[in-house]
Asks: 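Sharing a structure below in structure tokens format, with a few things to ask.
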Amino acid sequence: MNIFDHYLDKIIILIKKLNKEGSLELPESLNGINVDIPPLNFDCDISTNVAMVLSKANKKSSIDIANTLVGLIKDTDEKIETISVAKPGFINIKFKAIYWNNFIKNVNEDYKNFGVNIKEEKKKYLIEFVSANPTGPLHVGHCRGAILGDVISNILIFNKHDVSKEYYVNDYGNQIINFTKSVYFRIREILYNEKFPIENTDLYPGDYLVDIAKNITDLNNNLKFDKFDDVSKELTLLSVAESLKLIKTNLANLGIVHDKFTSETEIVINKEVEKVIEKLKQKNLVYKGKIKAPKADDDKNWVERDQLLFRSTDFGDDKDRALQKSDKSWTYFASDAAYHHNKLSRNYDLLINILGADHAGYIKRITSVVEALSGTKNKLICKVSQLVKLIKDGKPFKMSKRKGDYITVEDLISEVGKDATRFIMLNRSSDVELDFDFTKVKEKSKDNPLYYVQYCYARISSVFRHVNLDINKDLTIYEYNFNYSNDEIKILKKIAEWPKCIEAASLRLEPHRIPVYLYELSSEFHSYWNMGKENYSKRFINDKKKIPNEKLVFLKVISNVIKSGMTIVGVNTPEKM
RNA sequence: GCGCUCUUAGCUCAGCUGGAUAGAGCAUCGGUUUUCUAAACCGAGGGUCGGUGGUUCGAGUCCACCAGAGCGCACCA
């Protein structure tokens, strides 16, 4: 029940018919025609720009065209109260009150599918997100991207796409060796009372390593820790497994579950890197060469060397990218190329990667390689989440990874809770930096959008409770012959926007539109609720302790949309607060 | 030096792929509770959409240039 699409279809049919009859010229594309929400303070429900789009092809003013169309539209639709032409050439339509009976009927009877974008072609998506190094628990920096990826998945799933959520485990390379060494020294600290070499800046100093070391020694008393090289293989596996356990717990506490974890080591062991390089070689995209130093670097620090390079400049990157290190091992980029080759072999329609702001510079080369391998542009979409600025008591505080005293996801959740974390992280466009204010997030007031929306749901629940009805049960109404007032229609119009919100969020991968919408809807509801104080007719429960069907469906429809939206966001809707 | 992102009210931000008179919250000031949840509501003030050009019926939105902020720029991951 997308009223905008419904009228767009009607209008397109009408102008095509007129074109066939020879009374109207059509432009090359009808894509510019839309049916939209009119601005505030306009006494109408929907508006369209058809006339303006048609104006050029017909060499007529849009006002003239609008005037002819207006009559024709009204003739075909008895639910229109007024239809008028406004200044530049908009056609504005206002529905009769009965229109909203039909609307609310449709929404209530098919509430599970209300908002689902049926026009969207169903696709198979693979979305990769988080993919933090398995060298410790997740910290706040990972959090935003994690939630972003999860909710984008939820939106796509809501729209009936097939979505696979994936985590790429970077369990290969120097970081992992350093991490394993750190665990090794922590183990020796436990077993032999040796001091941890804190001065070695390559090592990970965090306290959580002590726990990891304990877990490993507790469970593996047959292992010897006399020489690092002797145990490094087993210890790497054990350490990474411990890290992943931590990470999975963190994710679970955030309400996130991935469908698949792919190991980088496995990609390397299976020779997938060689395979992808061979494939790129065949396309003449790999060569031995040198990279130029970036201008900012002093030339003296720059070591020029011959290495295996991928021609990402062919795809718009500013330099070609190294595939192999001087010790002949693969670069991160090489194995990531192999991983993306692996993804492509699994036949997804579209790949999505969620990256942190600090990896934005990486996008060009990875999309280049995917384009090279798949032969299609835009097969891989990269979405960047900007930084989160943590604020406490009005002051920003920074985390220092070096000292190992950074704020973890665990800290965050125990401080403010999963729901607030998710809602606040999503409440802004991922393109802008986000202020995450601990003090405000914990506040139970209008300052906190999460509570504001939840409170709306709780108020509706309380009405259901008072009349002994279950808000979770489907509501069946036999006759929808109501007469909604302007105040109610205002909210129904907001409800009608829900499919539009979902459509935009899904098409543009912008989840923040959902919390923003839910806030607006809640605001209108709270406003309506307070009218009941002065105007008895606005109250839901009447003096006979009954609730008329008209008000009941009205509440039901609002609560369903809030529930639906909050489910996508991944937060609870308590019935009591 | 180069790339990406951002610049909208005092502050934090929306603005639905170019539409009409640019919207919220916070903060400030003033009001609302014998009545379904005041974790709420109502009202007031507050704007050259960073700047300059361009594209067109129409620009906060697209393009170019300029200014400012953040992130990044080797074989790290």
Asks: Checking the side chain of A:T573 only, and the main-chain atoms of A:Y457 only, is there a donor and an acceptor separated by less than 3.5 Å?
Replies: no
Asks: If you restrict it to nitrogen or oxygen atoms, what contacts under 3.5 Å exist between nucleotides 13-15 of chain B and the protein, and what is each distance?
Replies:
residue: B:rC13; atom: OP1; partner: A:E433; partner atom: O; Å: 3.1
residue: B:rC13; atom: O2'; partner: A:R428; partner atom: NH1; Å: 2.6
residue: B:rA14; atom: OP1; partner: A:S429; partner atom: N; Å: 2.8
residue: B:rG15; atom: OP1; partner: A:H512; partner atom: NE2; Å: 2.9

Asks: Between B:rG60 and B:rG18, how many Å separate the two P atoms, rounded to a whole number?
Replies: 13 Å
Asks: Among residues at least two apart in sequence or on other chains, which ones pass salt bridge (Lys or Arg N to Asp or Glu O under 4.0 Å) with A:K56?
Replies: none
Asks: Going by heavy atoms closer than 4.0 Å, what residues in residues 310-325 of chain A are next to RNA chain B?
Replies: A:K319, A:A322, A:K325
Asks: Could you state the atom-to-atom distance from CD1 of A:I46 to C1' of B:rA20 in whole Å?
Replies: 16 Å
Asks: Report the residues that fulfil ring-ring contact (aromatic ring centres under 6.0 Å, His included) with A:F315, sequence neighbours left out, ordered by chain and then residue number.
Replies: none
Asks: Name all residues meeting the ring-ring contact (aromatic ring centres under 6.0 Å, His included) criterion together with A:Y455; count only those two or more places apart in sequence or in a different chain, and write none if there are none.
Replies: A:H526
Asks: Take atom C1' in B:rA20 and the same atom in B:rG15, then report the distance between them in whole Å.
Replies: 15 Å
Asks: Centroid distance below 5.5 Å plus an interplanar angle below 30 degrees: do A:Y519 and B:rA24 meet both conditions?
Replies: no
Asks: Students often get this wrong, so: under 4.0 angstrom with heavy atoms, is A:I37 touching a base, only sugar-phosphate, or nothing?
Replies: base
Asks: Sequence neighbours excluded, which residues qualify as ring-ring contact (aromatic ring centres under 6.0 Å, His included) partners of A:F438?
Replies: A:F397, A:F436
Asks: Both A:Q175 and A:K87 contact RNA chain B. Which one's nearest nucleotide lies toward the 5' end?
Replies: A:K87
Asks: Write down the distance separating the C1' atoms in B:rU7 and B:rA44, rounded off to the nearest Å.
Replies: 29 Å
Asks: What integer number of Å spans the P atoms of B:rU17 and B:rU61?
Replies: 15 Å
Asks: I'd like to check the salt bridge (Lys or Arg N to Asp or Glu O under 4.0 Å) partners of A:K119; sequence neighbours left out, ordered by chain and number.
Replies: A:D5, A:E503
Asks: If the condition is salt bridge (Lys or Arg N to Asp or Glu O under 4.0 Å), which residues does A:D318 pass it with, not counting sequence neighbours?
Replies: none
Asks: Could I get a table of every N or O pair under 3.5 Å where one atom is in the protein and the other is in nucleotides 32-38 of chain B?
Replies:
residue: B:rU35; atom: O2'; partner: A:R539; partner atom: NH1; Å: 3.2
residue: B:rU35; atom: O2'; partner: A:R539; partner atom: NH2; Å: 2.4
residue: B:rU35; atom: N3; partner: A:K533; partner atom: O; Å: 3.1
residue: B:rC36; atom: O4'; partner: A:R539; partner atom: NH2; Å: 3.3
residue: B:rC36; atom: O3'; partner: A:H466; partner atom: NE2; Å: 3.0
residue: B:rC36; atom: O2; partner: A:F540; partner atom: N; Å: 3.2
residue: B:rC36; atom: O2; partner: A:I541; partner atom: N; Å: 3.2
residue: B:rC36; atom: N4; partner: A:W529; partner atom: O; Å: 2.9
residue: B:rU37; atom: OP1; partner: A:S462; partner atom: OG; Å: 2.1
residue: B:rU37; atom: OP2; partner: A:H466; partner atom: NE2; Å: 3.2
residue: B:rU37; atom: O2'; partner: A:Y455; partner atom: OH; Å: 2.4
residue: B:rU37; atom: O2'; partner: A:R459; partner atom: NE; Å: 2.8
residue: B:rU37; atom: O4; partner: A:E575; partner atom: O; Å: 3.4
residue: B:rU37; atom: O4; partner: A:M577; partner atom: N; Å: 3.1
residue: B:rA38; atom: OP2; partner: A:R459; partner atom: NH2; Å: 2.6
residue: B:rA38; atom: OP2; partner: A:W529; partner atom: NE1; Å: 3.3
residue: B:rA38; atom: N7; partner: A:K533; partner atom: NZ; Å: 3.0

Asks: Test: salt bridge (charged side-chain N to carboxylate O under 4.0 Å, His left out). Region: residues 510-539 of chain A. Which pairs qualify, not counting sequence neighbours?
Replies: A:D487-A:K538, A:K494-A:E520, A:R508-A:E510, A:E510-A:R513
Asks: At less than 4.0 Å, is any side-chain N or O atom of A:K56 found next to OP1 or OP2 of B:rC57? Yes or no.
Replies: yes
Asks: Have a look at A:L8 and tell me which of A:I33, A:I46, A:V50, A:I3 forms a side chain to side chain contact (heavy atoms under 4.5 Å, CB included) with it.
Replies: A:I33
Asks: If the condition is ring-ring contact (aromatic ring centres under 6.0 Å, His included), which residues does A:F423 pass it with, not counting sequence neighbours?
Replies: none
Asks: Under a cut-off of 3.5 Å for both distances of each Watson-Crick or G-U pair, what dot-bracket string does RNA chain B give, using [ ] for crossing pairs and | for inter-strand pairs?
Replies: (((((((..((((.....[...)))).(((((.......))))).....(((((..]....))))))))))))....
